[in-house]
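Accompanying notes for the structure given below.
Keep in mind that what you see is a predicted model, and the values were worked out from it rather than measured.
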Amino acid sequence: MKRLFFITLLLTFVSMTNAQSVPILNIIGDSYVKNHKRPVEEAWHYKMAQKLGLTYNNYGRNGGCVAFDRTHDGKYNFGPAMYTKTGQMDPAADYVIIIGGHNDAFKVKDNKDSLIMFRDSLTLLITNIRTQCPHAKIGYVTPWYCDYPGFKQVCKTILKVCKQHGVPVLNNYRKGSIIKVRDEEFRKKYFQGPKDTAHLNNAGHNLFLPVGMEWFLKNMKDF
């Protein structure tokens, strides 16, 4: 029944898209969006846009944070915080998906002040997106269920802030996630390397694609 419902949603969305102008999807985030060392065409969100007939705009940058400026962070230039970059996005977007928090979690760890900074920056990010893309529905995709300090706190904050601002969340920080990031054998098969806890390979993106599409169709699209 669940699969039939998902297929019905997909067919309804595609038929409505064909009858109207092509909707625009903006994706902003970190290397989950940029897809790290692999082509963005392998990413689940790119494949979803292709299947749904969406115009796809990718604003991802490796190492990016929601809250923290990483322009001069070590030997790499990871760029400014995401909340400062919303002016780069296509203002005609129908949908905006934020995918971030992994790098913020490493910054936050157990520091309460840094967590407050993340909370306030996420609020500002959502506010700035609504200013830049006034007609867009906003959604958030969390990091995976990583076993590092800071991840639990950051993902809990994401859920709280997004609930306050009416932003649907695809919560991947949970034991039941299809992405078994704490399993080394799983990472060998579905991540860009066995020690990688962030970046899916092509097989991993294909595995996650139905999950991402179902969430998008249920929570982002107004029928």
Side-chain angles (χ1 to χ4, degrees), residues 27-49 56 58-71 73-83 85 97-111 114-115 118 121-122 125 139-159 162 169-213 215-216:
I27 306 277
I28 186 169
D30 51 25
S31 53
Y32 283 47
V33 175
K34 189 67 174 177
N35 207 26
H36 194 42
K37 297 179 180 180
R38 299 298 304 164
V40 71
E41 289 79 10
E42 292 184 1
W44 70 266
H45 34 83
Y46 177 89
K47 294 175 181 179
M48 179 182 76
Y56 175 85
N58 186 306
Y59 301 97
R61 182 161 182 170
N62 286 353
C65 283
V66 170
F68 303 97
D69 186 329
R70 301 194 70 192
T71 305
D73 190 351
K75 63 179 181 179
Y76 298 108
N77 177 1
F78 294 119
M82 288 179 209
Y83 73 85
K85 298 164 61 178
I97 297 178
I98 307 165
I99 305 180
H102 185 105
N103 300 306
D104 293 89
F106 283 115
K107 292 285 188 182
V108 168
K109 295 184 179 178
D110 296 315
N111 188 293
S114 294
L115 186 61
F118 175 79
S121 298
L122 177 53
L125 174 59
Y140 201 110
V141 178
T142 75
W144 313 122
Y145 187 56
C146 294
D147 188 20
Y148 300 122
F151 276 78
K152 182 178 181 179
Q153 298 93 315
V154 162
C155 290
K156 185 177 180 179
T157 300
I158 290 169
L159 291 172
C162 287
V169 177
L170 175 49
N171 182 19
N172 299 301
Y173 188 81
R174 54 188 182 85
K175 291 182 180 179
S177 173
I178 195 173
I179 303 301
K180 308 299 181 185
V181 68
R182 302 189 186 194
D183 185 329
E184 184 176 1
E185 291 304 312
F186 183 95
R187 294 197 306 271
K188 287 178 181 179
K189 185 175 181 180
Y190 292 111
F191 278 75
Q192 291 187 22
K195 295 182 179 181
D196 193 330
T197 58
H199 313 104
L200 300 175
N201 59 21
N202 191 48
H205 282 295
N206 287 337
L207 179 68
F208 190 75
L209 175 59
V211 177
M213 282 186 63
W215 168 79
F216 180 87

When rounded to the nearest 0.5 angstrom, what distance separates SG in Cys162 from CG in Leu122?
-> 5.0 Å

In Ile97, Ile99, Val211, the residue satisfying side-chain contact (heavy atoms from CB on, under 4.5 Å) with Leu170 is Val211

Does Arg70 reach the main-chain N or O of Cys65 with its side chain, forming a donor-acceptor pair under 3.5 Å?
-> no

From Lys180 atom NZ to Lys175 atom NZ, the distance as rounded to the nearest 0.5 Å | 11.0 Å

Using the test side-chain hydrogen bond (donor to acceptor under 3.5 Å, both in side chains), find all partners of Lys188 that sit at least two apart in sequence or belong to another chain.
-> Glu185

Mind checking what makes ring pair (Phe, Tyr, Trp, His ring centres under 6.0 Å) contact with Tyr140, not counting sequence neighbours?
-> none

Tyr46 side, atom OH; Asn58 side, atom CG - distance, nearest 0.5 Å | 10.5 Å

N-O pairing of Lys37 and Asp196 below 4.0 Å = no

Side chain Gln192, main chain Asn201, donor-acceptor under 3.5 Å = no

Evaluate side chain to side chain contact (heavy atoms under 4.5 Å, CB included) for Ile179 paired with Phe208, printing each intermediate quantity in order.
-> CA-CA 7 Å; Ile179 303 301; Phe208 190 75; 3.8 Å; yes

Taking atom types as modelled and ignoring hydrogens, do the side chains of His45 and Tyr56 form a donor-acceptor contact shorter than 3.5 angstrom?
-> yes

Rounded to the nearest 0.5 Å, the CG atom of Asn62 sits from the CG atom of Asn103 at a distance of 9.0 Å

Quick one: list whatever passes side-chain hydrogen bond (donor to acceptor under 3.5 Å, both in side chains) with Thr157, sequence neighbours left out.
-> none

For Met48 and Leu209, run side chain to side chain contact (heavy atoms under 4.5 Å, CB included): C-alpha distance rounded to whole Å, both residues' side-chain angles, the deciding distance at 0.1 Å, then the answer.
-> CA-CA 7 Å; Met48 179 182 76; Leu209 175 59; 3.9 Å; yes

How far apart are the C-alpha atoms of His102 and Tyr32, what are their side-chain angles, what is the distance that settles it, and do they pass the side chain to side chain contact (heavy atoms under 4.5 Å, CB included) test?
-> CA-CA 9 Å; His102 185 105; Tyr32 283 47; 2.9 Å; yes

side-chain hydrogen bond (donor to acceptor under 3.5 Å, both in side chains) with Ser121: which residues, sequence neighbours excluded?
-> none

Given Arg38 and Asn202, is the side chain to side chain contact (heavy atoms under 4.5 Å, CB included) satisfied, shown in steps?
-> CA-CA 8 Å; Arg38 299 298 304 164; Asn202 191 48; 5.9 Å; no

Side-chain atoms of residues 147-156: list all donor-acceptor pairs with protein atoms under 3.5 Å, sequence neighbours left out, distances to 0.1 Å.
residue	atom	partner	partner atom	Å
Gln153	OE1	Gly150	N	3.4
Gln153	NE2	Lys109	O	3.4
Gln153	NE2	Asp110	OD1	3.1

Counterpart residues, ring pair (Phe, Tyr, Trp, His ring centres under 6.0 Å), relative to Phe118 (two or more places apart) = none

How about Lys47: does its NZ atom have over 12 heavy atoms from other parts shown lying under 6.0 Å from it?
-> yes

Separation of Phe78 CZ from Phe68 CZ (nearest 0.5 Å) = 15.0 Å

Between the main-chain N or O of Asn172 and the side-chain N or O of Thr142, is there a donor-acceptor pair closer than 3.5 Å?
-> yes

Taking atom NE2 of His199 and atom NE2 of His205, what is their separation to the nearest 0.5 Å?
-> 9.0 Å

